Amino acid sequence: MQEEHVDKTREQVRARLAAWWEANARDLPWRFGRTTPWGVLVSEVMSQQTQMSRVVPYWTDWMRTWPDAAALAKASTAEVITAWGRLGYPRRALRLQECARVVADQYGNALPDDHDTLLSLPGIGDYTASAVSSFAFGRRVAVIDTNIRRVLSRVLLGVESRGGSATRAERDLANDALPDDTAKSVIWNQSVMELGAVVCTAKKPMCEVCPVSTCCAFLAAGRPGLGERRTRPRQRFQGTDRQVRGIVLNALRRRHDGGLTAGLPRAEAESLWPDQGQLAACIASLDDDGLIEINKDGSLSLPR
DNA sequence: GTCCGGGATT
DNA sequence: AATCCCGGAC
């Protein structure tokens, strides 16, 4: 009896979300079979910590410049870092290029469609492997990101999902809720994630326009704990190493874009940030990460 | 000005 | 558990 109710609710949620997806899915250029699996991977890596709307122009330019893994594998690292622009977390760009080299060299320029093989590639973790399996290869896999965790937890359980990494219960829920039909499972993943991105947002969900508001356990319960809990520990940016690294890298990017091939003189680098100790540590960490090169005269360059 | 959102790696 | 970035919303 109880299980029957759960099944009916889930069937209703699926049908409504599928209809909503049909009418409201954002027309992103990597959707609806308009790109290759590699193109889907690039979109997922770019979207890992960045809003889709910011990703679109970068993705379009990137794919025009490097349409496949082999093309990216041959690019200079300086070009790759420059093209990554201000998407943030530039190590993602390096890993994507490492990934491209593995795909080009070891997999004949074809992105593997096996989940475990995808997981073994640089920069591809559990989320991205699942997303590519589902969205690019149409396989039946539960995709789990923060949007999906939040939506499933709210709609089906009536509670906020907890911060940090996905719990066992959340993974079980995602697997349990995934439609048996493979084609439907892909739509499900995409529509749940899309709902979380544009309607069922963390802080101010727009329940008035939500297609599943009439069968949402969270809304029925009075949205308990809404906005109380942050999804993760807050990270300041001002004054952090991340800001300093960003400033240094941006200076080198602009130089590269302006056609200057000589390195950034150390004296100019030192004027970028007042705290010389912090600056030196950040320059060293960028060098460690392979994001910059320190020349013999102490000047800085993007890696060739 | 301050806050918010996002996954991989070590 | 800590580290990695940025722009847009307030």
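Here is how names work: the chains are called A, B, and so on, in the same order as the sequence lines, proteins then strands, and each is numbered from 1. From a predicted model like this one, the values you see are computed outputs, not experimental measurements.
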Trainee: Think A/R245 has a side-chain N or O under 4.0 angstrom from the OP1 or OP2 of C/dC5?
Mentor: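 It does, given that an N or O in the side chain of A/R245 lies less than 4.0 Å from OP1 or OP2 of C/dC5.
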Trainee: Rounded off to whole Å, could you give me the CE-to-P distance for the A/M52 and C/dC6 pair?
Mentor: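 About 20 Å, once rounded to whole Å.
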Trainee: Can you tell me if A/T146 touches the phosphate of B/dG6, counting only side-chain N or O atoms and a distance under 4.0 Å to OP1 or OP2?
Mentor: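 Yes.
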Trainee: Partners of A/D126 by side-chain hydrogen bond (donor to acceptor under 3.5 Å, both in side chains), sequence neighbours excluded?
Mentor: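 Testing A/D126 for side-chain hydrogen bond (donor to acceptor under 3.5 Å, both in side chains), a comparison that skips the adjacent residues, returns none.
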Trainee: Judged by modelled atom types alone, do A/D257 and A/T82 share a side-chain donor-acceptor pair under 3.5 Å?
Mentor: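 There is no such pair between these side chains.
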Trainee: Want to settle it: does A/K204 or A/P90 sit nearer the 5' end of DNA chain C, counting the closest nucleotide to each?
Mentor: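 Nearest nucleotide further toward 5': that of A/P90.
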Trainee: Would you mind classifying the nucleic acid contact of A/S53 as base, sugar-phosphate or nothing, using non-hydrogen atoms under 4.0 angstrom?
Mentor: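 The residue A/S53 makes no contact with any strand.
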Trainee: Which part of the nucleic acid does A/D289 contact within heavy-atom distance under 4.0 Å: base, sugar-phosphate only, or nothing?
Mentor: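 Counting heavy atoms under 4.0 Å across all strands, no contact is made by A/D289.
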Trainee: I want to confirm an ordering. Mapping A/L87 and A/R95 to their closest nucleotides on DNA chain B, which one lands closer to the 5' end?
Mentor: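 The answer here is A/L87.
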Trainee: Starting at atom CD1 of A/I124, determine the distance to atom C1' of B/dA8, rounded to an integer number of angstrom.
Mentor: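 Rounded to whole Å, this separation is 11 Å.
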Trainee: Starting from C1' on B/dC4, measure out to CD on A/Q51 and report it in whole angstrom.
Mentor: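 Taking atom C1' of B/dC4 as the reference, CD of A/Q51 is at 9 Å.
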Trainee: What is the distance, rounded to the nearest whole Å, between atom CG of A/D145 and atom P of B/dG5?
Mentor: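 Rounded to the whole Å, the gap is 14 Å.
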Trainee: Taking atom P of B/dA8 as reference, at what distance in whole Å does atom CG of A/L118 sit?
Mentor: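 One finds 12 Å between P of B/dA8 and CG of A/L118, rounded.
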Trainee: Which nucleotide in the set B/dG6, C/dC4, C/dC6 lies at the smallest distance from any side-chain heavy atom of A/N147?
Mentor: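 Of B/dG6, C/dC4, C/dC6, B/dG6 is nearest to the side chain of A/N147.
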Trainee: Between C/dC5, B/dG7, B/dG6, spot the one nearest the side chain of A/F237, thanks.
Mentor: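 So the nucleotide nearest the side chain must be C/dC5.
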Trainee: Counting only side-chain nitrogens and oxygens, does A/T240 get under 4.0 Å of the OP1 or OP2 atom of C/dC5?
Mentor: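 A/T240 to C/dC5 OP1/OP2: no side-chain N or O under 4.0 Å.
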Trainee: Would you say the side-chain atoms of A/T167 and A/R162 include a donor-acceptor pair closer than 3.5 Å?
Mentor: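 There is no such pair (donor and acceptor under 3.5 Å, judged by atom type) between the side chains of A/T167 and A/R162.
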Trainee: Closest approach to the side chain of A/A202, judged atom by atom: which nucleotide of B/dG7, C/dC5, B/dG5 is it?
Mentor: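 The answer is B/dG5, which lies nearest to the side chain.
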Trainee: Taking A/N24 for its side chain and A/W20 for its backbone only, find out whether a donor-acceptor pair lies under 3.5 Å.
Mentor: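 Such a contact is found between A/N24 side chain and A/W20 backbone.
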Trainee: So, A/E170 versus A/S153: side-chain donor-acceptor pair below 3.5 Å or not?
Mentor: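 A/E170 vs A/S153: no donor-acceptor pair found between side chains.
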Trainee: Scan A/R86 against the nucleic acid and name what it touches under 4.0 Å (heavy atoms): base, sugar-phosphate only, or nothing.
Mentor: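 Counting heavy atoms under 4.0 Å across all strands, the contact made by A/R86 is with sugar-phosphate only.
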Trainee: Provide, to the nearest angstrom, the distance between the OH atom belonging to A/Y89 and the C1' atom belonging to C/dC5.
Mentor: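 Going from A/Y89 (OH) to C/dC5 (C1'), I get 5 Å.
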Trainee: Grab the CZ-P distance between A/R150 and B/dG7 for me, whole Å please.
Mentor: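 To the nearest whole Å, that distance equals 10 Å.
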Trainee: Would you mind telling me which of C/dC5, B/dG7, B/dC4 lies closest to the side-chain atoms of A/K203?
Mentor: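 Closest of the options to the side chain of A/K203: B/dC4.
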Trainee: Rounded to whole angstroms, how far apart are CD on A/E44 and P on B/dG7?
Mentor: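 Going from A/E44 (CD) to B/dG7 (P), I get 10 Å.
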